[in-house]
Undergrad: 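Encoded as structure tokens, here's the structure I'll be asking about.
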Protein chains: 2
Amino acid sequence: MKGDAFDPDCPTRLILDRIGDKWSVLVVLGLTGGPRRFTELRGLIGGVTPKVLTQTLRAMERDGLLTRTIFAEVPPRVEYALTPLGASLRRPIEAIAAWAEENVEAVVSARDRHDALA
Amino acid sequence: MKGDAFDPDCPTRLILDRIGDKWSVLVVLGLTGGPRRFTELRGLIGGVTPKVLTQTLRAMERDGLLTRTIFAEVPPRVEYALTPLGASLRRPIEAIAAWAEENVEAVVSARDRHDALA
DNA sequence: TCCATTGGTACCCTTCGGAAACCATGAAGG
DNA sequence: CCTTCATGGTTTCCGAAGGGTACCAATGGA
């Protein structure tokens, strides 16, 4: 931690913005079990619309986090798979997810307590 | 990882959304060295506007991640400090930040390569 | 009297995320 | 020959959220 993440022009911020996208996090988690097709991912990740999923996947492909492979078949088949770079994100992301699961209750009760005296 | 983070109604998603807020991450990092005042944080975190910083701090207070202490002085003084719950977020957040710093170069070069053939 | 400091608000505008509808391809079925 | 179906998106529209700038209240000090 060199602290330069505070500088808005530091590229590290750029990464935080990408990870800050909740869908990217879920895509990484969704692809940990191996390659998946568009519709598969769409079903796996509840609540994502096709437009936003496309945007997310394109951006992650652009950043080298995953590959997009088109098979010239009918009906069309497109597979998404994590690159080694994308796979290396799993560990920190799972750390966040684990924290979330452990502390959901504390956060929710804090929120309820706060709302109670509002 | 129970996998229920994929369920949009799972409270874990709620946490991911909060962490997904890039400003929250930077606030946690900014408060690791001890309590700070509003203007201090504002200066430390480059590029944040007062409105958004206020929103972020209020939401984090609501969720029990930090405390907001007002001193009845003139000029007014307000200190923000991490709660134990908020402090426990440091470890996973620093893991993400470390990943970002290690892999910034790879991501940026992937992006450049992609843009080159566009 | 006028100014400076602090911790915000109020206002406005641009952008982004989300919902719903639509589309091109081509094999398969009738 | 015409229709149907599946896939992997795209297009359009809308409301909400993000962000920039200006401003404010309180009070001590010059």
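Letters A, B, ... mirror the listed sequences (proteins, then strands); counts begin at 1.
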Undergrad: Without decimals, in angstroms, what is the distance between B/Leu53 CG and D/dG18 P?
TA: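 So the two atoms are 13 Å apart, to the nearest Å.
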Undergrad: Base, sugar-phosphate, or nothing for A/Glu73, non-hydrogen atoms under 4.0 angstrom?
TA: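 Here A/Glu73 touches no strand at all.
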Undergrad: Nearest heavy atom decides the nucleotide; on that basis, is B/Trp23 or A/Thr39 closer to the 5' end of DNA chain D?
TA: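 Result: A/Thr39.
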Undergrad: How long is the line joining CG of B/Asp21 and P of C/dC16, in whole Å?
TA: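 About 16 Å, once rounded to whole Å.
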Undergrad: Under 4.0 angstrom, heavy atoms only, what part of the nucleic acid is A/Arg37 near: base, sugar-phosphate, or nothing?
TA: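 Touches sugar-phosphate only.
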Undergrad: Quick one: A/Arg42 CZ to D/dT10 P, roughly how many Å, whole number?
TA: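 One finds 13 Å between P of D/dT10 and CZ of A/Arg42, rounded.
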Undergrad: Quickly work out the A/Glu40 CD to D/dA6 P distance and round it to whole Å.
TA: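 Spelled out: CD on A/Glu40 to P on D/dA6 is 16 Å.
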Undergrad: Answer with base, sugar-phosphate or nothing: what part of the nucleic acid does A/Phe71 contact at a heavy-atom distance below 4.0 Å?
TA: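 Answer is nothing: A/Phe71 stays at 4.0 Å or more from every strand.
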Undergrad: Figure out the CD1/C1' separation between A/Ile70 and C/dA24, and round it to whole Å.
TA: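 So the two atoms are 14 Å apart, to the nearest Å.
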Undergrad: Of the candidate nucleotides C/dG7, C/dG17, D/dG9, which contains the atom at the shortest distance from the side chain of A/Gln55?
TA: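 Given the options C/dG7, C/dG17, D/dG9, the side chain of A/Gln55 is closest to C/dG17.
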Undergrad: Is there a donor in the side chain of A/Thr54 and an acceptor in the side chain of A/Arg58, or the other way round, less than 3.5 Å apart?
TA: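 The criterion, which ignores hydrogens and geometry beyond distance, is not satisfied for A/Arg58 and A/Thr54.
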Undergrad: Please tell me which of the listed nucleotides, C/dT6, D/dG18, C/dG7, lies nearest to the side chain of B/Pro75?
TA: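 The closest nucleotide is C/dT6.
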Undergrad: Both A/Glu79 and A/Lys51 contact DNA chain D. Taking the nearest nucleotide for each, which residue is further toward the 5' end?
TA: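 The residue closer to the strand's 5' end, by nearest nucleotide, is A/Glu79.
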